[in-house]
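Report on one structure; see the data block that follows.
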Amino acid sequence: DTGVSQDPRHKITKRGQNVTFRCDPISEHNRLYWYRQTLGQGPEFLTYFQNEAQLEKSRLLSDRFSAERPKGSFSTLEIQRTEQGDSAMYLCASSLERLAIQETQYFGPGTRLLVL
Amino acid sequence: DAKTTQPNSMESNEEEPVHLPCNHSTISGTDYIHWYRQLPSQGPEYVIHGLTSNVNNRMASLAIAEDRKSSTLILHRATLRDAAVYYCILRGAQKLVFGQGTRLTINP
């Protein structure tokens, strides 16, 4: 399978614990996005990378959230001191940026987080 | 971020055409109209996009009003596998800004 993969697919944690999610984009895709989706809502943008540079962060990304893409390939999203409000599906997408062309974003299956 | 308005839900029958409307009266001249859909328990997937002219691909057609304040996604012959939430998105920058979408139900 050459699509976007995410790990783990499901995570249950207790409030106050730290969690880390991983996203492996489609090979050679230079852009990587993180979105969050709560039940019944559309996905909300969190942040995106072009290669290893984090170019935009949403105001939703509080200081408890950090994302990295150290070598411009896979990315991790860490949530520190989780709260019940962090319970959501975390989606990763990747794309191949081409100048002045609206590239397609390819989404992974998501990581579903439940904070107890 | 520019806003879109879609019906919460629609229902259609298998093998019939489906027209999914989207209003975007605040669209700017550089915004592209994108459609993604999300099948149950999956991440969103790209359907189609356009700027001013109508567009066709193997999945669907996109009809864009002359003033660009509305658009319609057309599924020519719906199948049960087309049951999903369909999102109409105005894209001016890199990120996608999703609304609540239209939940499409297909009856056999």
Side-chain angles (χ1 to χ4, degrees), chain A residues 1 3-6 9-10 21 23-26 29-51 53-61 67 88-112, chain B residues 1-9 20 22 24 27-53 55 57-60 62 64 68 71 73 84-104:
Chain A
D1 185 21
V4 177
S5 61
Q6 294 187 244
R9 293 291 307 278
H10 303 272
F21 309 141
C23 171
D24 286 90
I26 293 172
H29 276 192
N30 54 0
R31 282 192 177 160
L32 188 148
Y33 301 79
W34 285 99
Y35 293 84
R36 181 176 72 183
Q37 185 173 26
T38 53
L39 210 59
Q41 303 296 315
E44 298 170 291
F45 169 78
L46 292 177
T47 188
Y48 94 93
F49 293 84
Q50 176 131 342
N51 300 312
Q54 189 172 16
L55 295 187
E56 187 176 350
K57 292 197 292 187
S58 161
R59 284 172 291 179
L60 292 174
L61 213 66
M89 175 77 82
Y90 290 83
L91 292 160
C92 175
S94 72
S95 68
L96 179 62
E97 184 267 345
R98 298 173 187 169
L99 206 59
I101 292 178
Q102 297 260 313
E103 84 282 7
T104 297
Q105 293 186 20
Y106 295 86
F107 283 80
T111 294
R112 185 170 293 284
Chain B
D1 296 317
K3 192 175 170 62
T4 61
T5 304
Q6 300 176 252
N8 287 334
S9 62
L20 296 163
C22 180
H24 30 78
I27 190 170
S28 75
T30 55
D31 286 337
Y32 280 74
I33 301 158
H34 285 246
W35 285 81
Y36 279 71
R37 72 180 186 182
Q38 189 170 21
L39 279 65
S41 302
Q42 294 187 26
E45 67 172 344
Y46 169 81
V47 178
I48 200 166
H49 78 276
L51 183 61
T52 56
S53 305
V55 184
N57 67 19
R58 64 175 180 81
M59 288 181 72
L62 176 60
I64 301 172
R68 301 212 323 128
S71 61
L73 179 71
V85 178
Y86 287 77
Y87 296 100
C88 169
I89 298 163
L90 299 185
R91 188 178 182 194
Q94 284 69 38
K95 65 187 178 190
L96 298 174
V97 180
F98 291 82
Q100 290 195 303
T102 296
R103 181 173 298 278
L104 176 64

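Numbered from 1 within each chain, the chains take letters A, B, ... in sequence-line order. The analysis underlying the following values was restricted to heavy atoms, covering all of them including side chains, and did not include hydrogens, waters or symmetry mates.
Note: B/H49 leads B/H49, B/Q42, B/R103 in heavy-atom pairs under 4.5 Å with chain A. With chain B as partner, the option from A/P43, A/G110, A/C92, A/S95 having the largest number of non-hydrogen pairs under 4.5 angstrom is A/P43.
If you measure heavy-atom distances from A/R31 to chain B, the contacts under 4.5 Å come from the side chain alone. Residue A/Q6 does not touch chain B at all, counting heavy-atom pairs closer than 4.5 Å. Contacts of A/P109 with chain B are made by backbone atoms alone, with heavy-atom separations under 4.5 Å and no side-chain atom involved. With a 4.5 angstrom heavy-atom cutoff, A/Y106 does not touch chain B via any of its atoms. For a residue to count as touching a neighbouring chain, one of its non-hydrogen atoms must lie under 4.5 Å from one of that chain's; by this rule A/E56 touches chain B with the side chain only.
Rounding to the nearest 0.5 Å gives a distance of 11.0 Å between CZ of A/F107 and CD of B/E45. To the nearest 0.5 Å, atom CZ of residue A/R9 and atom OG of residue B/S41 are 8.5 Å apart.
Between the side chain of A/Y35 and the backbone N or O of B/L96 there is at least one donor-acceptor pair closer than 3.5 Å.
Using a 3.5 Å distance cut-off with no hydrogens or angles, the side chains of A/E97 and B/Q94 do not pair a donor with an acceptor.
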Is there a salt bridge (Lys or Arg N to Asp or Glu O under 4.0 Å) between A/E103 and B/R91? Walk through the geometry before answering. CA-CA 11 Å; A/E103 84 282 7; B/R91 188 178 182 194; 3.2 Å; yes
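Across all non-hydrogen atoms, the minimal contact from A/T104 to B/Y46 is CG2-CB, 3.3 Å. The heavy-atom pair separating B/Y87 from A/Q37 by the smallest distance is OH-NE2, 3.4 Å. Nearest heavy atom pair, residue A/L91 against residue B/P44, reads CD1-CD, 4.0 Å.
No side-chain heavy atom of A/F45 sits less than 4.5 Å from a side-chain heavy atom of B/F98.
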